[in-house]
Amino acid sequence: MSNFLTSSIGKKMLLSISGLFLIAFLCVHLALNLLLIVDNSGDLFNIGAHFMATNPIIKIVEPILAIGFIFHIVLASILTLQNRSARPIKYDRRNQAGNCTWSSRNMYILGGLVLIFLAIHLWNFWWNIKFPSLGTPLAETTVDGVAMENTYALVSGLFKSSVIYCLLYILGGIFLGLHLTHGFWSAFQSIGFSNQIWRKRLECVAKIFAFIIAAGFSIIPLYFMLGLAN
Amino acid sequence: MADKILKELTLKIWRQKDAKSKGGFETYKIHNISTGSSFLEMLDILNEQLVSENKEPVAFDHDCREGICGTCSLFIDGRAHGPDDDVTTCQLHMRRFNEGATITIEPWRCGAFPVIKDLIVDRGAYEKILQAGGYVSVNTGGVPDGNAIPIAKPAADEAMDAAACIGCGACAATCKNSSAMLFVAAKVSQLALLPQGKIEAARRAKAMVAKMDELGFGNCTNTGACESECPKSISIEHIARLNREFLKAKLKD
Ligand code: HEM
Ligand code: SF4
Ligand code: FES
C-alpha cells in the first residue's frame with residue numbers, strides 16, 4: 001500500500017470514504033432532528049438529545065466525527081489546490097454549461113458554504129450544550145421522571161426568536177443538498193462502485209437523497225417560522 | 001443543395017511564437033467561407049491569406065483529417081473540439097457557425113500540455129503515460145489465431161469501446177481539474193478486460209497512475225465533462241474500473 005495516500009486515486013478514495021461517513025452521520029442527525037416537529041411538547045426530542053449526550057458509544061463517535069470532518073476538509077483543500085495549479089494559464093472563453101452539472105463544478109465552494117454554516121450551527125447549539133458555563137446555560141426539564149437538559153427549548157427558542165436564523169438554516173440545508181447531488185454518486189464512483197447500470201441508479205438515488213436531506217433539514221426552521229410549534 | 005457562403009467571420013486566435021514567449025490573442029477577418037468546408041480548411045484559407053500578406057501562418061496540429069489519428073486539437077468557442085458532440089476538430093464543419101460570428105480559438109490549456117507554438121501543444125505527456133504501462137508484453141512471432149483465446153462478447157465490446165480512444169487530449173483539456181483520468185482509464189480498462197492484458201493489469205494500473213500524477217495532471221472529481229467532450233464518447237464508467245483496478249493492485253502490495 002506504499003504511496004497510496006499520495007496518489008490521486010488514493011486521496012479521492014479517502015475523500016469519498018470520509019464523505020460517506022459524514023453522510024451516515026447526517027442520516028442519524030436528521031432522523032433525530034425531525035423529532036422537533038413530530039412532538040410539539042418537545043419531550044421526544046429532549047429524550048433523543050439526552051440519549052445522545054449520555055450514551056457512551058456516542059461519546060466515542062463524537063471525536064471520530066470531528067476527525068472525519070477535518071479529514072474531509074483538509075483532503076478536499078489539498079485536491080482543490082492541486083487541481084487549480086494543474087492549469088496555470090486559464091482559458092479565455094469557456095462553456096461548461098452543457099458538459100457537467102453546476103454542483104459538480106463548484107463542490108469546494110458548496111463545501112465552504114456548508115463549513116461556514118457549520119461554524120454558526122456549532123456556536124448556536126453545540127457550544128451552549130458542551131460549555132454551559134461559558135454560554136447560555138440550558139434549562140432543566142423532567143421527562144417521565146428523568147431530569148434532563150431542555151434542549152428543545154434552546155432550539156425552538158432560537159427559531160422562534162429569529163427569522164434570520166431560520167433562513168440561514170434553510171440555506172444551510174440547501175447548500176448541503178446541492179453538495180450531495182454530486183457528492184453522493186461521486187463517492188461511489190471514486191471507490192470504483194459504478195458501471196453502466198449502477199451509474200444511472202446512483203445518480204437517481206443521489207438526487208432523491210440530496211432532496212431528502214435539503215428538505216428534511218429546511219422543514220424544521222420552516223415549521224417554527226410558520227408558527228406551527230406552540 | 002449548394003452550400004451557403006459565410007460572407008464574413010472574425011477569428012480570435014491565440015498566437016505564441018514559441019514555448020518561451022508570452023503569447024496573446026490576434027484578431028483576423030476572413031471572407032467567403034463555404035459552410036461545406038471543414039473548420040481546418042477554413043484555417044487553411046486563413047493561412048493562405050496570411051502567407052499572401054507576408055505574415056506568419058497560424059500553427060495548428062492536424063494529420064488524418066478524418067477523426068482517427070487524434071492529432072488535431074483546438075478549444076473552439078469555449079469547448080474542446082468545438083461546438084459539436086462526438087467529433088474531432090477536423091470533423092467539424094463551418095455549417096455550425098453563423099454569418100458574422102466571432103470564433104475564439106485557443107490551444108489546450110493544461111500544465112502538462114505546454115504550448116509549443118500558436119495552437120500546438122506538446123502532448124508528449126500522454127505518450128509518457130502509455131510508455132509507463134499502456135501495453136502488453138508479448139514475444140513477437142507468427143500472427144496468432146484470432147479465435148485461439150475465447151473472449152466473452154460483453155468484455156470484447158467494452159474493451160473495443162475503450163480502445164476507440166485516439167489520445168487527443170480533449171479530456172484533460174476540458175476537465176476543470178486538468179485530469180487525464182479518462183485517457184488513462186480507457187487504456188487501463190481496454191487491456192484489463194482482455195485475457196492478454198490481465199496478466200500485467202496490477203503493474204499497469206499502478207505505473208500509469210503514478211506517471212499521470214507525476215506529470216502534474218489534476219485529480220478527478222467525477223464531473224463527467226470529459227465524456228461529454230470526448231470525440232469517441234469514452235464513458236466515465238471506465239474511470240470507475242480504473243479506480244477498482246488501482247485499489248486491487250494496491251491491496252496486493
Ligand atoms: C456534512 C458535510 C459534508 C458531507 C456529507 C460531504 C459529503 C461529500 C461527499 C460524499 C463527497 C464525494 C467524495 C468523492 O467523490 O470522492 C464530497 C466531496 C467533496 N467535498 Fe464534501 N461533504 C461535506 C462537507 C464538506 C466541506 C465542509 C467541504 C469543504 C470545505 C467539502 C468539500 C468537498 C470537495 C472539494 C469535494 C470534492 C468534489 C468531488 O470529488 O466531487 N465538503 N463531499
Ligand atoms: S479519452 Fe477521449 S478525449 Fe481523452 S484522449 Fe481519448 S479520445 Fe481524446
Ligand atoms: S486530424 Fe486526425 S483526428 Fe483530427
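Being a predicted model, the structure only gives us computed values, none of them experimental. In what follows, chains carry the letters A, B, and so on, assigned in the order in which the sequence lines appear, proteins first and then strands, with residues in each chain numbered from 1.
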Residue B:K206 versus chain A: region with a heavy atom under 4.5 Å: neither
Heavy-atom proximity to chain A below 4.5 Å, by part of B:C226: neither
Which portion of B:R241 sits near chain A, non-hydrogen atoms under 4.5 angstrom: neither
Pairing of A:R199 and B:E227 as salt bridge, 4.0 angstrom limit: yes
Closest approach of B:R109 to A:R87 (non-hydrogen atoms, all atoms of both residues): O-NE, 2.5 Å
Between A:S8 and B:D213, a side-chain donor and acceptor under 3.5 Å: yes
Side chain, backbone, both or neither of B:F75 within contact of chain A (heavy atoms, under 4.5 Å): side chain
Portion of B:P107 that has a non-hydrogen atom of chain A nearer than 4.5 angstrom: backbone
Whether over 12 other heavy atoms sit under 6.0 Å from A:F211 CZ: no
Residue pair A:N3 / B:K250, side-chain donor-acceptor N/O under 3.5 Å: yes
Test item: side-chain donor near acceptor, B:N219 and A:Q82, under 3.5 Å: yes
Shortest non-hydrogen separation from B:K176 to A:R105 and the atoms involved: CE-O, 3.1 Å
Toward chain A, the part of B:T223 with a non-hydrogen atom under 4.5 Å: both
Under 4.5 Å from a heavy atom of chain A, the part of B:S179 involved: neither
Part of B:F113 within contact of chain A (heavy atom distance under 4.5 Å): neither
Separation between OG1 of B:T221 and NE2 of A:H182, rounded to the nearest 0.5 Å: 5.0 Å
Residues B:N222 and A:S104: side-chain donor-acceptor under 3.5 angstrom: no
Portion of B:D85 that has a non-hydrogen atom of chain A nearer than 4.5 angstrom: neither
